[in-house]
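Remarks on the structure that follows.
Convention: sequence-line order gives letters A, B, ...; per-chain numbering from 1.
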Protein chains: 2
Amino acid sequence: MAQLLQPETGTTDPRILRSRRMLMDALAILLIKKEFEDISVQEIADEATLNRATFYLHYPDKNALLQAMTGVRFRDLIERRAITFTDCHGALRSIALGVCDYLAESTGCPTQLARMPPQISIIPVVEDMFKEGLALHGTAPGVDAALMATTAAWAVFGAARRWFQTPNRIPAEEMAAKIEIMVSPVLFGASQ
Amino acid sequence: MAQLLQPETGTTDPRILRSRRMLMDALAILLIKKEFEDISVQEIADEATLNRATFYLHYPDKNALLQAMTGVRFRDLIERRAITFTDCHGALRSIALGVCDYLAESTGCPTQLARMPPQISIIPVVEDMFKEGLALHGTAPGVDAALMATTAAWAVFGAARRWFQTPNRIPAEEMAAKIEIMVSPVLFGASQ
DNA sequence: TTTATGAATCGACAGATGTTTATTACTAAT
DNA sequence: ATTAGTAATAAACATCTGTCGATTCATAAA
């Protein structure tokens with residue numbers, strides 16, 4: 001406990017990269033069959049054909065692994081769509097759509113609020129994207145761009161999560177449009 | 001596992017209420033001394049002078065207890081301030097201030113995103129308050145009041161959480177004002 | 001007051017967690 | 001090719017988890 005996770009990057013040793021990739025893949029496979037809470041570290045290690053002690057060499061617990069995996073996969077999904085920041089509102093809608101899609105295809109769908117470390121780990125990723133966009137946009141001085149990015153990221157996630165939990169969902173594209181309308185004032189000001 | 005938490009209300013048996021209160025108090029006391037993750041169910045039961053099996057009679061795990069405790073305490077804090085919904089913007093600022101204060105005086109301050117079931121459990125409470133306020137306000141037809149409430153609640157929480165994690169914080173009142181400016185368009189529309 | 005209900009206790013259980021120590025095996029240098 | 005560094009393995013550990021069955025005790029009713 002209280003042990004820090006070594007950064008996902010900064011390593012060239014192929015053994016480390018291989019182990020982490022195998023652990024993430026193993027978790028992804030297990031999540032298809034059963035709930036995250038019902039998966040033990042032993043099972044993950046077995047599925048990855050690694051020793052259990054090796055797991056703890058890389059992640060302090062299974063939550064850390066899940067968070068790392070979620071971050072990697074969401075970044076992949078976003079990068080695959082190659083969002084451009086030429087149009088700010090379009091970028092916001094694209095990101096919102098990405099979050100909706102990610103939640104929809106995300107393995108494991110916890111109804112309980114307490115059990116959502118998996119999904120929630122995409123918030124910092126979204127936050128970084130907003131910050132990057134605001135930097136290009138060139139915000140007025142005095143307004144806290146980082147704060148706006150944080151607030152918008154949480155707002156988008158909360159809205160997308162609600163959509164995801166709704167039984168008869170509207171299409172993700174439609175939801176993304178709604179999110180854009182609600183959240184754009186947070187990022188771009190009440191005007192416009 | 002997969003066992004549902006019996007609702008916090010709906011019981012009149014004084015034994016049940018007493019046990020749950022003692023468990024919450026015990027957890028609150030232990031959280032002063034150590035991290036949530038380092039507290040075992042046995043310790044909680046000991047501090048509450050209850051048997052460990054009694055704990056599992058009321059909560060499926062310690063996360064559920066923490067969430068219940070958080071909800072109760074936040075509601076208390078808000079009710080103590082007796083927020084009126086006569087002025088919508090004022091109500092939003094008051095709620096934002098309540099969330100900031102709650103986080104600040106909240107026991108346990110997890111830096112890790114994965115470890116925040118404790119604090120996050122106030123989001124549904126805030127959401128309900130927004131919904132109640134919007135119902136009084138009388139929203140235009142076609143707009144989804146519940147969705148706006150959810151989005152705003154997550155936005156407020158995310159902003160307040162960021163403020164709470166900042167080393168040299170500005171006063172909570174000042175932060176609440178910033179939050180109001182950012183989030184009010186989500187609830188009341190971009191106009192105004 | 002007696003009684004039926006069910007809350008609380010106790011002991012025990014298999015399995016999981018996170019850590020440690022010692023050993024082996026691989027990698028990236030010289 | 002040798003070697004220093006370190007990742008991976010293995011076995012063992014104390015502790016924690018969630019559950020169970022049997023028993024005792026408190027409460028609200030008759």
When rounded to whole Å, the CG to C1' distance for the pair A:Asp13 and C:dA28 reads 9 Å
Just to confirm, is there a sub-4.0 Å distance from OP1 or OP2 of D:dA7 to any side-chain nitrogen or oxygen of A:His58?
-> no
Rounded to the nearest Å, what distance is computed from the CG atom of residue A:Leu30 to the C1' atom of nucleotide C:dA16?
-> 15 Å
Donor-acceptor contact below 3.5 Å, side chain A:Lys178 vs main chain A:Ala159 = no
Return the orientation label for the A:Tyr102 and A:Phe74 ring planes: parallel under 30°, perpendicular over 60°, tilted otherwise.
-> perpendicular
Answer yes or no: is there a donor N or O on one side and an acceptor on the other, between the side chain of A:Trp163 and the main chain of A:Ala176, under 3.5 Å?
-> no
A:Ile16 CD1 to D:dA8 P: how many Å, rounded?
-> 6 Å
Picking from D:dA7, D:dT27, C:dT17, which would you name as closest to the side chain of A:Tyr56?
-> C:dT17
Does a nitrogen or oxygen in the side chain of B:Ser40 sit under 4.0 Å from OP1 or OP2 of D:dT15?
-> no
Between atom CD in A:Gln42 and atom C1' in D:dA11, what is the gap in whole Å?
-> 12 Å
Winner on side-chain proximity to A:Leu57, out of D:dA8, C:dG11, C:dT27, is D:dA8
Minimum-distance nucleotide to B:Val41 side chain [options: D:dA10, D:dG18, C:dT9] = D:dG18
Salt-bridge test for A:Glu43 and A:Lys33: reply yes if a basic N is under 4.0 Å from a carboxylate O, no otherwise.
-> no
d(CD1, B:Ile39; P, D:dT17) in whole Å | 11 Å
Grab the CG-C1' distance between A:Leu65 and C:dG18 for me, whole Å please.
-> 16 Å
Between B:Ser19 and B:Arg52, which is nearer to the 5' end of DNA chain C once each is assigned its nearest nucleotide?
-> B:Ser19
Whole Å only: how far is the CG atom of B:Asp61 from the P atom of C:dT17?
-> 14 Å
When the distance from CZ of B:Arg15 to C1' of D:dA29 is rounded to whole Å, what number comes out?
-> 13 Å
Ranking B:Lys62 and B:Ala53 by the position along DNA chain D of their nearest nucleotide, the one closer to 5' is B:Lys62
Please examine the side chains of A:Leu66 and A:Met69, heavy atoms only from C-beta on, and report whether any two atoms are closer than 4.5 Å.
-> yes
Is any side-chain nitrogen or oxygen of A:Asn51 closer than 4.0 Å to OP1 or OP2 of D:dA8?
-> no
